[in-house]
Chemist: 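Take a look at the following structure, please.
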Amino acid sequence: MNIDLTHRGTMLSLLARDPGDGTLGIALASSSIAIGSRCPHLETARAAVASQGFTNLKVGPLALDLVRCGLTAAEVLEALRQHDRWLDYRQIGILTADGQIGAHTGSQATGWAGHRISENLLCLGNGLTRGEATLDALAEGFAGAPPGATMAGRLLTGLESAARLLGGSFPINSTSLLVRSPGAESQIDLRVDLPRRPVDEGGDALADLRRLYDEYLPLVDIYAARSVAPRAF
């Protein structure tokens with residue numbers, strides 16, 4: 001596979017919070033590969049952070065450190081502006097465990113780029129051929145997930161809704177799904193670094209992630225039970 005490092009691609013992020021039990025989640029899809037190692041950062045009962053665009057690998061860990069120190073989401077963004085002179089090339093989203101949201105879309109971000117903030121939900125995207133409508137699709141897909149859907153399932157549905165809108169203009173080469181719940185023994189931490197087939201042959205890392213999640217979901221409670229009572233198995 002030949003990788004063009006000058007490629008100005010597309011990326012979507014969806015960050016969400018369940019105010020009932022404190023669950024935080026983040027889901028991403030990108031035309032770049034291996035985004036799960038660079039872009040999402042999540043700490044239980046603290047915050048979810050997305051760093052995308054021309055990603056600075058230090059931004060996510062630094063943002064979480066600042067939240068631990070007691071800074072608000074707005075204060076974290078201001079501190080990052082002081083830390084990173086290339087912030088105009090980046091997108092950053094922060095959703096804290098108490099519901100604060102901070103978002104930054106730099107003026108030099110790839111293609112059409114923007115973010116949408118609503119209660120307990122943050123949508124970000126760059127390189128979008130359908131502009132703000134894509135962010136609407138992210139939010140509406142999350143809100144319109146089937147009744148009883150888990151946080152992880154709702155995040156995936158949001159991404160799938162936006163991906164359908166973008167169609168062939170969005171080759172999805174990698175995806176990531178992180179969900180953390182306070183007190184839970186098992187967490188969701190899944191990623192697809194490259195689709196099983198190349199995208200020009202019909203490969204789709206988001207479809208691969210959905211299949212992986214559907215296989216993993218029935219095992220979550222089993223793995224949780226094993227972790228606290230291994231002799232029962």
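Just the heavy atoms: all of them, side chains too, but no hydrogens, waters or symmetry mates, feed the values below.
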Chemist: Return the set of residues passing salt bridge (Lys or Arg N to Asp or Glu O under 4.0 Å) with Asp98 (not counting sequence neighbours), or none when no residue passes.
Modeler: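 Salt bridge (Lys or Arg N to Asp or Glu O under 4.0 Å) check on Asp98 returns nothing, list empty.
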Chemist: Check salt bridge (Lys or Arg N to Asp or Glu O under 4.0 Å) between Arg191 and all other residues, then give those that pass, not counting sequence neighbours.
Modeler: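 With sequence neighbours excluded, Arg191 shows a salt bridge (Lys or Arg N to Asp or Glu O under 4.0 Å) to no residue whatsoever.
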Chemist: Do we see a donor-acceptor contact under 3.5 Å between the side chains of Thr55 and Tyr89?
Modeler: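 Per modelled atom types, Thr55 and Tyr89 side chains form no pair under 3.5 Å.
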Chemist: Considering residues at least two apart in sequence or located in another chain, which fulfil the salt bridge (Lys or Arg N to Asp or Glu O under 4.0 Å) criterion with Glu75?
Modeler: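 Glu75 satisfies salt bridge (Lys or Arg N to Asp or Glu O under 4.0 Å) with no residue once adjacent residues are dropped.
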Chemist: Under the salt bridge (Lys or Arg N to Asp or Glu O under 4.0 Å) definition, can you give me all pairs with a residue in residues 47-69, not counting sequence neighbours?
Modeler: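 Pairs touching residues 47-69 that pass the test: Glu43-Arg68, Asp65-Arg68.
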Chemist: Shortest non-hydrogen contact from Gln187 to Ser181?
Modeler: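 Distance-wise, the nearest heavy atoms are OE1-N, 3.1 Å.
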Chemist: Looking only at side-chain N and O atoms, does Asp88 offer a donor or acceptor that is under 3.5 Å from a partner on Gln108?
Modeler: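 Absent: no donor and acceptor within the cut-off.
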Chemist: Any pair with a residue in residues 141-194 that passes ring-ring contact (aromatic ring centres under 6.0 Å, His included), sequence neighbours left out, goes on the list, sorted by first then second residue, please.
Modeler: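 Matches after skipping sequence neighbours: none remain.
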Chemist: Using salt bridge (Lys or Arg N to Asp or Glu O under 4.0 Å) as the criterion, list what pairs up with Asp189, not counting sequence neighbours.
Modeler: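 Partners of Asp189 under the salt bridge (Lys or Arg N to Asp or Glu O under 4.0 Å) test: Arg180.
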Chemist: Using the side chain to side chain contact (heavy atoms under 4.5 Å, CB included) rule, pick out the option among Val199, Thr10, Asp204, Leu166 that qualifies with Pro171.
Modeler: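 With Pro171 as partner, Val199, Thr10, Asp204, Leu166 yield a single side chain to side chain contact (heavy atoms under 4.5 Å, CB included), made by Val199.
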Chemist: Is the number of heavy atoms from other residues, nucleotides or ligands under 6.0 Å of Arg116 CZ greater than 12?
Modeler: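 Yes, enclosed.
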Chemist: Among Leu42, Ile117, Leu95, which residue meets the side chain to side chain contact (heavy atoms under 4.5 Å, CB included) test with Leu15?
Modeler: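 That would be Leu95.
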Chemist: Can you tell me how far apart CG (Leu138) and OG (Ser161) are? Round to the nearest 0.5 Å.
Modeler: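 Here the rounded value is 7.5 Å.
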Chemist: Give, for atom CG of Leu14 and atom SG of Cys123, the distance between the pair rounded to the nearest 0.5 Å.
Modeler: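 Spacing of CG (Leu14) from SG (Cys123) equals 5.0 Å.
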